[in-house]
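Presented below is the structure to which this report refers.
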Amino acid sequence: MQISEAPGRNSDKPREECGVFGVWDHADAAALTVLGLHALQHRGQEAAGIVSFDGERFHSHHALGEVGENFSDEAVIRSLPGDRAIGHNRYSTTGDAVLRNVQPLFADLASGGFAIGHNGNLTNARRLRRALVERGCLFHSTTDTEVIVHLIATSAKDSVEERLVDALEQVVGAYSLVAMTNTAMIGVRDPLGVRPLVLGRIGGGWILASETCALDIIGAEYVRDVEPGEIVLIGAGGVRSLAPFPPRPKRLCVFEYIYFARPDSSVESVNVYEARCRIGEELAREQPAAADVVVPIPDSGVPAALGYSREAGIPYEIGIIRNHYVGRTFIEPTDRIRHLGVKLKHNANRNLIRGKRVILVDDSIVRGTTSTKIVEMVRNAGASEVHMRVASPPTTHSCFYGVDTPERNELLAARHDVEEMMRLIGVDSLAYLSLDGLYRALGERGRDAGAPRFCDACFSGRYPIPLVDRSEGDTDGQLSLLAETR
């Protein structure tokens, strides 16, 4: 969670901003944390960090890059002793990826050491930061997470527990936190539960993680989701739960089911893979097309395409092959071949496409740049028709709750209607899942059939949490909507 000037850069997909993981009371805490961060690598690839505690001292290792690049050396694990540790994968929104911003952040408070990792975004961080600086606080990073640290440090309350509650009563936004003190590991979820967090058990120890797939990789047992607005305190006496905030309706980010979470995770007891298949089935019912083959845009479009194929009775084929070995460090060698860039990652399986009417299924379209290139590639492979079906509603608004999306004027669906997008992308037809259809696929009657269960602001423009900082001057034309009225 960078304090962002503008969410989004040049990606054609929204990006989750972070993954958090924590281990309490296990002899191999640091090694388990490395494995947990490996499982959560999809939630942030720019940097990773781990802080451990051995009963006397805190130890840390922070690095830019992916987990495997920086935590595979046994010497690194040995440098993180102790039976408790927390870790963090980071994806920033703006600015340089620099070590001072890599989490978990650590501070020596009057009560002892305090480490914290954060997934989400505080929407009043600028206002709070200005006030804290005026009080004499010195900031060492540009993350909104450090605001929480300073609020805790300057609180007049007695215990760390009370200081944390005092700090969280002042912040506005979406967050899941994993923190560690000399005597406890702490998990927190914002009052609406926008960002996910789960509690697990391994032997006599405890785990906190962004997703259940991180429990699976270490052989831990899923216990339950941390509830919205809940503070979980894990210490020598076991697990305690606090509920310091007034209860509010849940508003989990619906994009966890569409794209962010790993398909082998369960989010709030719903299997992500199965949810994506149901989304594809609903898409087929709402938006049929006469075609010979259903082809997913890999990898995120695969479950929805399977669901679409089953419901429509149209054969499913892997008509596009993804190269999984194109890494972040690839450098295109000359300008002359720069236009071939899309083929570095995707290539059409010509024998399955030639002469066919093809339905391409993707989870979402943000800017449309990748979609345009893939459609051109499929046409060049000999498809007679190309129809695109999108397993989510049009993305028309930016996210300010911990997801990196472009500014609204860069979102394709915010600037064009479906007919215009169809022509720009170059397809014979284009159709999206409706917002009500998305809710139905996830077990609800519809978006407005009672209180909405999810945060869907990127589709509806109805922000459930006030956008405080942006309403005070950093506007992009959409932020008269401070919060939805219902």
Side-chain angles (χ1 to χ4, degrees), residues 8-15 255 258-260 276 279-280 283-284 286-287 289 291 293-306 308-309 316-323 326 338-350 352-353 356-399 403-434 438 458-459:
R9 278 169 281 184
N10 297 315
S11 172
D12 202 25
K13 290 288 182 185
R15 295 176 184 261
F255 242 106
I258 295 167
Y259 177 71
F260 294 137
R276 289 175 186 168
I279 288 170
L283 179 62
E286 282 193 355
Q287 303 293 352
V293 63
V294 175
V295 173
I297 296 181
D299 288 324
S300 56
V302 169
L306 280 167
Y308 193 104
S309 169
Y316 168 95
E317 296 287 357
I318 303 296
I320 299 172
I321 307 302
R322 181 183 172 189
N323 180 358
V326 177
R338 205 169 293 273
H339 69 283
L340 300 177
V342 69
K343 290 190 176 181
L344 295 171
K345 199 167 187 178
H346 298 104
N347 191 39
N349 195 341
R350 289 176 176 270
L352 295 177
I353 287 176
K356 302 285 183 63
R357 298 170 298 170
V358 177
I359 298 175
L360 294 176
V361 177
D362 205 356
D363 60 271
S364 59
I365 297 176
V366 179
R367 287 187 172 93
T369 51
T370 299
S371 301
T372 302
K373 292 175 183 177
I374 287 177
V375 169
E376 180 183 6
M377 180 180 68
V378 170
R379 286 201 184 280
N380 289 341
S384 61
E385 295 178 13
V386 181
H387 305 270
M388 182 163 282
R389 295 295 180 266
V390 185
S392 63
T395 302
T396 54
H397 291 74
S398 301
C399 176
V403 176
D404 181 18
T405 54
E407 290 285 359
R408 193 178 182 196
N409 60 10
E410 297 180 57
L411 296 170
L412 190 70
R415 296 181 289 116
H416 302 282
D417 62 24
V418 172
E419 289 293 321
E420 291 169 335
M421 287 190 284
M422 183 185 76
R423 290 192 292 271
L424 287 168
I425 294 171
V427 288
D428 294 286
S429 73
L430 169 67
Y432 288 82
L433 182 65
S434 70
L438 176 60
C458 54
F459 306 132

*side-chain contact (heavy atoms from CB on, under 4.5 Å) evaluation trace for Leu360 with Val427*: CA-CA 10 Å; Leu360 294 176; Val427 288; 5.6 Å; no
*Carefully, step by step, assess Ile318 and Asn349 under the rule side-chain contact (heavy atoms from CB on, under 4.5 Å).*
CA-CA 8 Å; Ile318 303 296; Asn349 195 341; 5.7 Å; no
_Are the side chains of Tyr316 and Val302 in contact, using a 4.5 Å heavy-atom criterion?_
yes
_Side chains of Asp428 and Arg379, heavy atoms from C-beta outward: is any pair under 4.5 Å?_
yes
_Closest non-hydrogen atom pair between Ala381 and Ile353, with its separation_ = CB-CG2, 4.1 Å
*Min side-chain heavy-atom separation Met388-Ile297 under 4.5 Å*: yes
*OG1-CG distance between Thr369 and Leu424, expressed to the nearest 0.5 angstrom*: 12.0 Å
*Looking at Thr372 and Gly368, what are the two nearest heavy atoms and their distance?*
OG1-O, 2.8 Å
*Heavy atoms only: give me the nearest Ala413-Thr396 pair and the separation to one decimal.*
O-CG2, 3.7 Å
*Got Met377 and Ile320 here, is their nearest side-chain heavy-atom distance under 4.5 Å?*
yes
*Hey, could you give me the NZ/CG distance between Lys373 and Asn380, rounded to the nearest 0.5 Å?*
14.0 Å
*Looking only at atom types and distance, does a side-chain atom of Arg276 sit under 3.5 Å from a main-chain N or O of Tyr259, one as donor and one as acceptor?*
yes
*Is any side-chain heavy atom of Gln287 less than 4.5 Å from a side-chain heavy atom of Leu433?*
no
*Reported NE2-to-CG distance for the pair His387 and Leu430, which is rounded to 0.5 angstrom*: 11.5 Å
*Given the rule in the side-chain contact (heavy atoms from CB on, under 4.5 Å) test, do Ser364 and Phe255 qualify, once you have shown the distances and angles that lead to the verdict?*
CA-CA 10 Å; Ser364 59; Phe255 242 106; 3.9 Å; yes
_Between Thr370 and Asp362, is there a side-chain heavy-atom distance shorter than 4.5 Å?_
no
*Taking all non-hydrogen atoms of both residues into account, name the closest pair between Pro298 and Arg322 and its distance.*
CG-CB, 3.9 Å
_Check: Arg357 side chain, Ser384 main-chain N or O, donor-acceptor pair, under 3.5 Å_ = no
*CZ/Arg408 to CD/Glu410 distance, rounded to the nearest 0.5 angstrom?*
13.5 Å
*asked:* How close do Phe459 and Pro393 get, counting heavy atoms only, and between which atoms?
replied: CE2-O, 3.3 Å
*Can you measure from CG (Leu283) to OH (Tyr308) and round to the nearest 0.5 angstrom?*
6.0 Å
*Is a side-chain donor or acceptor of Ser392 paired with a backbone partner of Asp363 at a separation under 3.5 angstrom?*
yes
*asked:* Rounded to the nearest 0.5 Å, what separates atom OG1 in Thr395 from atom CD1 in Ile365?
replied: 8.5 Å
*Considering non-hydrogen atoms only, spot the tightest contact between Arg415 and Asn409 and give its length.*
CD-O, 2.8 Å
*asked:* For a side-chain contact (heavy atoms from CB on, under 4.5 Å) check, start with the C-alpha distance between Val295 and Ile359, then their side-chain angles and the critical distance, and finish with the verdict.
replied: CA-CA 6 Å; Val295 173; Ile359 298 175; over 6 Å; no
